[in-house]
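Just below is one structure, and these are the notes that go with it.
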Amino acid sequence: MGKLQFYIIADNHYFSKKLWVDGEAIERRCHGDQVVIKESPEVNEAFFKVIEQDAEADLVVIIGDLINCGERLCHDEFIERLHKLEETGKRVLVLTATHDYNGCGEDENEFVASGYGKKEAYRVDCTRRHELDALYRPFGRNEADSEYDMSYSIGIDGYRFILLNDDGNGHTDCGLDDKGNEWLENELIKAKSKGEAVLLFTHHPVITPYPVYEAAAPTEMYGRHPILKGLLTKYGVKVVFTGHTHVHTIRSISKGEKVLYDVGTTAVVSPCGKIRKVVLENGVADISTVDMPEEIDGIEGGSKYIASSCFGGYYRRLIDTACKDYDAFLKLGDGLIPIDQAQKYRFIIRPALKLISKINMSFAGKLGRKYSGLTKKECKEHKNEKVIDMVFVVLDHFFTGDAPFTPDTYEHRVIYGALHRTDAIMRTFKISLSRYINGFDSLWTLVEPLVHNTRTGSDREIIIKINDEVTYEKD
Ligand SMILES: [Fe+2]
Ligand SMILES: [Fe+2]
């Protein structure tokens, strides 16, 4: 096994410029999403250029949700770009996922291939699941040593890359069935006998990024992940690379002495899009993060504009606008909020948002002093900071991981105290959280992983020994 360097890209969600014109329809579509849609070609291009300029990287692995919602034109343009990437000398391995097709019959998913005129959306040519095999076969499966459905196993420079297709319809479990698991086990046995270190890739998370994620959305995990985890730990696989959640986290589970890592990569087109680079050498995987370039061709404001245009950045603008100009807020919120209701209750919503925006961190600190141990003096020192700013820091880190409020920070103690007090009030009124979110009886347990890294210490980087036969000592 020599040195091998490669990139992992997740959730490109590419959407063709030819499928929309400026107007209400595309704005409505964008407001409801957690990733950028209109700017997706420019953002994808910026990352492809980063990869092309890295002469040391030989390979790119793309792990599904390649395009917006099954639009055939998007696949055609995306595939054209992948061929160009190959022309620069990069090998490309692809997995497709749920956003890449439009279901019918048993594989029905909810996606409708659409374009956006000035006022309304319209249907466009779609892609059926069975068509994906031929479309993406040139990117990996043509050279695979073995295949099962659209999963495949391929040997590269003495390493075993196994890519599992888990493009379920979003309503039920996805991932390998019994026969598929037999195929996988066979591949793991063969790899072990050849002394190949295995790297596994799939779209859905195998280990939940945040405990609340699996509790709230179990079918958004890799289907039957306990079986997969059992197989991987049995054969000494150390790492699986996943996407789908758009959350950039590194988490692990252990079984006896064996540890399995799930390295999740955020969406290319999420507000703070990132990709990962992996350097394999001497039985070790050195995994790092590459951020969205600050300057992006065709996007004024570059990555800063992207960060402000969807999810946290967009929600913040929405609240600020509601406080200043309610009519502008109604326009800005179209597609996300029920406009009729927002019109009707403007005399409640606007003052409420104004009030919430003004709550300071001193007041918030006093709420849970009994539990946090904060002194009055400590609380007073934070009277110029706003709770809403702290909430948006947490929200912004939902996708990027590594939220900054470690136990030594004032913010941590404020949240800890306030949530413990809320838990106590709920207990008084016999309100059980576990009735609503399975497995959680405390708000703090639910929220703590979102406040600071309770996982492996860093969501950006890690060094993992992937081959038991090699003794590794960190520098
Ligand atoms: Fe996605
Ligand atoms: Fe997905």
Side-chain angles (χ1 to χ4, degrees), residues 8-16 29-41 43-44 47 61-71 74-75 78 93-103 107-114 126-127 129 132 136 149-151 163-176 200-210 213-214 216-225 228 240-249 262-276 292 306 309-312 314 398-401:
I8 297 164
I9 311 182
D11 297 82
N12 305 73
H13 291 281
Y14 176 90
F15 192 55
S16 170
R29 169 72 182 87
C30 292
H31 291 161
D33 215 307
Q34 53 184 246
V35 296
V36 290
I37 294 168
K38 288 195 295 183
E39 299 83 4
S40 62
V43 176
N44 270 284
F47 277 110
V61 186
I62 309 181
I63 55 178
D65 282 359
L66 310 175
I67 64 156
N68 181 46
C69 283
E71 306 84 2
C74 296
H75 278 306
F78 193 74
L93 304 183
V94 168
L95 270 177
T96 50
T98 317
H99 273 263
D100 296 320
Y101 68 92
N102 306 99
D107 64 352
E108 188 163 3
N109 65 23
E110 62 191 17
F111 302 126
V112 178
S114 306
C126 70
T127 313
R129 185 180 184 271
L132 291 172
Y136 288 96
D149 192 5
M150 283 192 277
S151 300
L163 292 88
L164 302 184
N165 181 294
D166 66 341
D167 61 357
N169 60 16
H171 306 300
T172 54
D173 273 355
C174 53
L176 292 175
L200 204 104
F201 303 82
T202 190
H203 182 70
H204 289 83
V206 174
I207 302 170
T208 187
Y210 302 118
Y213 174 91
E214 185 175 3
T219 56
E220 300 292 327
M221 296 287 296
Y222 178 94
R224 304 202 296 169
H225 57 87
L228 182 64
V240 50
F241 296 95
T242 63
H244 180 68
T245 61
H246 303 180
V247 175
H248 204 70
T249 61
D262 183 333
V263 177
T265 302
T266 188
V268 169
V269 289
S270 75
C272 296
K274 302 173 197 314
I275 57 176
R276 291 204 188 261
M292 187 184 294
I306 297 296
S309 65
C310 64
F311 198 65
Y314 164 66
F398 182 84
F399 289 128
T400 63

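Whatever order the structure lists them in is the order used to number ligands and atoms, beginning at 1. Since the structure is predicted, the reported quantities are computational estimates derived from the model, not experimental observations.
Restricting His246 to its N, O or S atoms, the one at the least distance from the Fe ion (ligand 1) is NE2.
Sorted by first and then second residue, the salt bridge (Lys or Arg N to Asp or Glu O under 4.0 Å) pairs involving residues 264-275 (not counting sequence neighbours) are Lys274-Asp291.
With values rounded to the nearest 0.5 angstrom, Cys272 atom SG is found 14.0 Å from His246 atom NE2. Distance check: Asp33 CG to Lys38 NZ gives 13.0 Å after rounding to the nearest 0.5 Å.
Take Asp65 and apply the salt bridge (Lys or Arg N to Asp or Glu O under 4.0 Å) test, not counting sequence neighbours, and it matches no residue. Residues meeting the side-chain contact (heavy atoms from CB on, under 4.5 Å) test with Pro271, sequence neighbours left out: Cys310, Phe311, Phe399.
The number of protein N, O or S atoms lying under 2.8 Å from the Fe ion (ligand 2) is 3.
Using a 3.5 Å distance cut-off with no hydrogens or angles, the side chains of Ser151 and Asn165 do not pair a donor with an acceptor.
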